[in-house]
Structures are given as structure tokens and as C-alpha cells.
Amino acid sequence: MGATKVEPSRTQSGVFVFTISAVSALAGLLFGYDTGVISGAILFVQEDFHLATFQEEVVVSAVLLGCLAGAAFSGRLADRFGRRSVLIQVACLFILGALGTALATDRVWLSVGRVIVGIAIGIASYTAPLYISEISPARVRGKLVSLNQLMITIGILVSYLVDYGLAASRGWRWMFGLAAIPALVLLLGLAFVPESPRWYVKQLMHERAREVLSKIRKPFEVDPELAEIEASFTQQQGSWQELLSPSLRPALVIGIGLAIFQQFTGINTVIYYAPTIFQLAGLQSHSAAILATAGVGVVNVLLTVVALELLDRAGRRPLLLFGLVGMILSLALLGFGFLTQNPTPVLAWVSVICVMAYVACFAISLGPIFWLMISEIYPLKIRSLAMSVAAAANWGSNLLVALTFLSLLRALGGPRTFWLYALIGVAAWIFVLRLVPETKGKTLEQIEAGWRSQREDLRHPSF
Ligand code: BGC
């Protein structure tokens with residue numbers, strides 16, 4: 001029994017790191033909720049504000065435009081003001097956006113409110129993983145950073161349920177406004193969250209860094225980790241030139257590549273248009289389509305929980321490669337399901353199973369691993385800037401897919417549209433195989449050193 005004795009400091013620091021990661025991951029909950037909520041709300045907004053088709057498209061895509069702008073123009077904020085301060089400002093923006101949209105009296109007001117919500121999501125989408133990555137011990141970093149992705153999937157599921165629950169009362173204002181609650185919890189929670197020790201080192205505030213490290217690490221780990229961060233940090237300001245320099249170009253290519261592949265393999269055609277896909281596949285009744293959509297949300301959450309357990313054991317690369325194969329096969333099969341003009345009920349359910357399998361494979365691979373990887377592969381001095389570039393590429397691609405999906409369906413038909421996404425999946429698989437490094441178990445500083453010692457070609461390094 002003596003072997004079960006637990007070292008108290010380990011338990012305390014472990015619980016504390018987990019708690020502050022979970023608080024920061026509330027930003028992910030807002031990301032998921034606020035991107036998912038529009039699907040149900042738009043039906044009533046459209047009627048109340050008498051929106052024409054184009055105006056409806058503006059209201060729907062306003063949030064993604066905001067996300068793109070938020071991610072693209074905020075790259076230096078987390079470097080200048082600190083990761084925690086940016087999250088605090090973002091929480092305020094989420095509250096403002098939630099209340100603003102809930103009280104909107106016309107479509108312009110509503111669209112501006114949704115752009116504000118989008119800006120908050122765009123900044124939070126990479127700042128939360130950035131912060132969590134910098135406070136996590138290397139051995140559990142995959143799990144802790146991906147708490148953010150878990151919260152995204154929970155947020156999406158909750159938004160489906162809230163939309164469903166409030167549909168009878170046409171409560172679109174509540175649908176938007178309820179987001180103020182998790183935003184307020186995030187704001188209050190951040191009062192107890194310390195700033196990132198790595199940011200303190202970057203600001204040359206070494207004593208502060210030590211103070212924080214002593215709360216989030218076992219006592220004997222503090223000095224070695226501080227020394228490692230200090231040794232790897234060079235004081236020049238991170239700049240665009242730096243980001244584009246030959247030694248970091250591979251990391252930039254990997255971040256932008258994974259960003260584009262995460263979206264161009266079609267995940268949000270399912271997340272945003274699941275009922276449309278299910279009805280096209282032959283699920284006649286409204287309630288069956290809604291049930292199947294809720295099923296998608298549940299599968300997404302459950303498999304993300306599985307991913308959390310696997311990321312630090314199996315590693316990022318095997319999961320990416322394995323998950324992508326599953327995504328490619330289920331997309332290809334889904335395409336075949338659309339070949340017939342008169343789908344039978346059995347065929348319709350086969351399509352539903354393909355969609356579920358596709359989401360399950362995304363949830364253990366590209367879903368969490370894109371956001372995780374971009375929080376790991378960049379050096380401290382340009383981490384925030386580089387992550388903002390990768391996140392902007394992700395939101396830009398997301399917008400493009402959302403705007404083109406229905407036209408693609410019309411122009412190419414169901415089978416070819418999904419086969420196109422499957423083909424992009426094949427390209428993603430080759431990309432991962434050739435370029436993406438394994439980061440499991442490495443400290444951020446070891447990963448940084450890995451780039452420096454690389455040859456300047458684009459082969460994936462073995463850190
Ligand atoms: C993606 C989102 C997607 C979500 C689905 C995230 O990683 O960035 O675009 O809606 O996963 O779970």
C-alpha cells in the first residue's frame with residue numbers, strides 16, 4: 001500500500017494547472033456556442049426582420065468575417081499585453097456581443113453585433129490554446145490544450161440544444177444573449193488565473209515567472225524549467241521577417257497547411273448544414289434530421305474526450321494519419337450514398353452512419369490537433385504572431401467553405417462534392433506524412449531548438 005502515497009505538491013500543482021486550463025478553455029465553449037447558435041436563430045431572425053436571401057447570408061456570415069478579422073489583426077496583442085490580459089479583454093467583448101445581438105432592433109445592428117462576437121472568437125480561438133500550452137507540463141500538454149477543443153464541441157452541442165429548446169417560443173434573442181453567462185464566468189475565472197510564465201520571461205520579468213512556475217510545477221521542477229525557458233529565449237523582437245526566415249518557414253507552412261486542410265476537408269459543411277445533408281440523403285422527417293444532427297454533436301464531444309486520452313500517448317502524427325484515413329473513407333462512401341436519385345431508408349441511415357464516422361475521425365485528428373500543433377511549433381518570440389496567421393488562414397478557409405458548399409452541391413452534385421473533400425483529405429494525408437513533426441512529450445523549448453538544428457528543407461524534423 002506504501003506505493004500509493006501521493007506527493008502533495010504534485011497533486012496541488014496538477015489540480016491547479018488543470019483548473020486554470022479549464023477556465024481558459026471556456027473561451028472554446030463560447031467559440032463553439034457562438035458559431036453553432038446561428039443555425040437555429042436565423043430562421044426566426046429572417047422572419048422578424050424580413051430578410052432577403054442576400055441579407056440573410058450577410059447575417060449568417062458576419063460572425064465568420066469577424067473571426068477572420070479578429071484572428072488576422074490581433075497577432076501582436078498577446079505579446080504586448082500578455083496572454084491573460086488579452087483573454088480578459090476578449091471575455092468583455094463576448095459579453096458586449098451577446099447583449100448587443102440579443103437587443104438588436106434591425107439587421108444592421110444585429111450584423112454589427114455578430115461581427116463583434118466574431119472578433120472575440122477569432123482572437124480567443126488561438127489565444128486560449130497559446131496560454132494553456134505555455135502553462136502545461138510537456139507530458140500532458142496535448143490533453144490540456146485540447147480541453148479547449150472539447151469545450152468547442154460542447155459549445156456546439158449546447159447551441160443545438162438551446163436552439164431546439166427555444167424554437168417553440170421563437171426565442172432568438174435568448175439564443176444569442178445566453179452566451180453572456182459563460183462569458184461572465186470566464187471573466188470572473190480569469191481573476192484567479194496567473195499570467196503565462198513564458199510571457200514573463202519574454203518581458204524580462206524573471207521573478208514573476210518564477211512565482212508562477214512555483215504554483216504550477218513541483219518545487220524541484222521550477223529552476224530547471226525557468227533556466228530552459230531563459231536559455232532558449234533570445235531578446236530580439238519577433239518580426240514578420242523572422243517568421244518568414246528559412247529556418248521557420250517549415251513551421252509556418254505546417255501551421256497554414258493544417259489550417260487549410262482542417263477546413264477544406266469539409267467539417268463545417270456537417271456542423272453548419274447537417275440537417276440539409278441528412279434530408280438530401282433521404283431522411284424525410286424533420287424530427288429524424290434533427291435527431292441525427294444532435295447525434296453528430298454528441299459523437300463530436302465523445303470522440304474528443306477519447307482524443308484527450310490518446311494525444312499524449314499515441315502522439316499527434318499517428319492520430320492525424322489514422323483519423324484522416326477514416327475521414328477519407330467515410331467521405332468517399334457518403335458520396336456513393338448520394339449517387340441514387342431515390343434513396344431508400346436503409347441508404348439514408350448508411351449516409352447518417354458515414355457522417356457520424358467522419359465526425360468521429362475528425363474529432364480524434366484534425367479537430368484538436370490543428371489548434372494543438374500551432375500552440376506548440378512556434379518559438380516564444382513570434383508565437384502569438386505566427387498563431388494569429390495560422391488561425392486567420394483557418395477562419396478564411398472556413399468562410400470560403402461555408403460560402404461555397406451549397407453552390408458546389410448545386411454545380412457538382414452530392415457525390416462529386418463529397419469526393420472532392422475526400423481528395424483534399426488525401427492531399428492532407430500526404431502533407432502530414434511528409435512535413436508534420438511529432439511534438440509529443442517535448443518541451444516547447446526542445447521543439448524550438450529542433451527548428452534551429454534543422455536543415456533548411458521542408459522534411460519533417462525528428463526533434
Ligand atoms: C474547427 C471548427 C469546427 C469544430 C468542430 C474546430 O477545431 O476549427 O471550424 O467547427 O472544430 O468541432
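Indexing begins at 1, ligand by ligand and atom by atom, following the structure's order. Position 1 is the first residue of the sequence, and the numbers go up from there.
Checking N148 against W371 by side-chain atom types alone, no donor-acceptor pair falls below 3.5 Å. Using modelled atom types and a 3.5 Å distance limit, the side chains of W395 and S125 yield a donor-acceptor pair. For the residue pair T439/E376, the side-chain donor-acceptor check at 3.5 Å is satisfied.
Ring centroids of F261 and W429 are separated by 6.0 Å or more, keeping the two rings apart. The ring of F176 has its center no closer than 6.0 angstrom to the ring center of W109.
Here the heavy atom of the protein found nearest to atom 10 (O) of ligand 1 is N268 OD1, 2.6 Å. Summary of contacts: the protein heavy atom closest to atom 12 (O) of ligand 1 is N300 ND2, 3.0 Å. Regarding atom 6 (C) of ligand 1, its nearest protein heavy-atom neighbour is Q149 OE1, 3.5 Å.
Remark: distances from the non-hydrogen atoms of F362 to ligand 1 include one below 4.0 Å.
Counting atoms of ligand 1 from 1 in the listed order, those under 4.0 Å from a heavy atom of N394 are 8 (O). Within ligand 1, counting atoms from 1 as listed, the ones closer than 4.0 Å to a heavy atom of N398 are 9 (O). Close approach of ligand 1 to Q262 (heavy-atom distance below 4.0 Å) involves ligand atoms 1 (C), 6 (C), 7 (O), 8 (O). Each of the atoms 6 (C), 7 (O), 8 (O) of ligand 1 lies under 4.0 Å from some heavy atom of W371. Residue T153 has at least one heavy-atom neighbour below 4.0 Å for each of these atoms of ligand 1: 12 (O).
The distance from atom NZ of K381 to atom CG of L385, rounded to the nearest 0.5 Å, is 12.5 Å. The distance from the CG atom of L320 to the CD1 atom of I364 is 9.5 Å, given to the nearest 0.5 Å.
Only the side chain of I156 comes within contact range of ligand 1, with a heavy atom under 4.0 Å; no backbone atom does.
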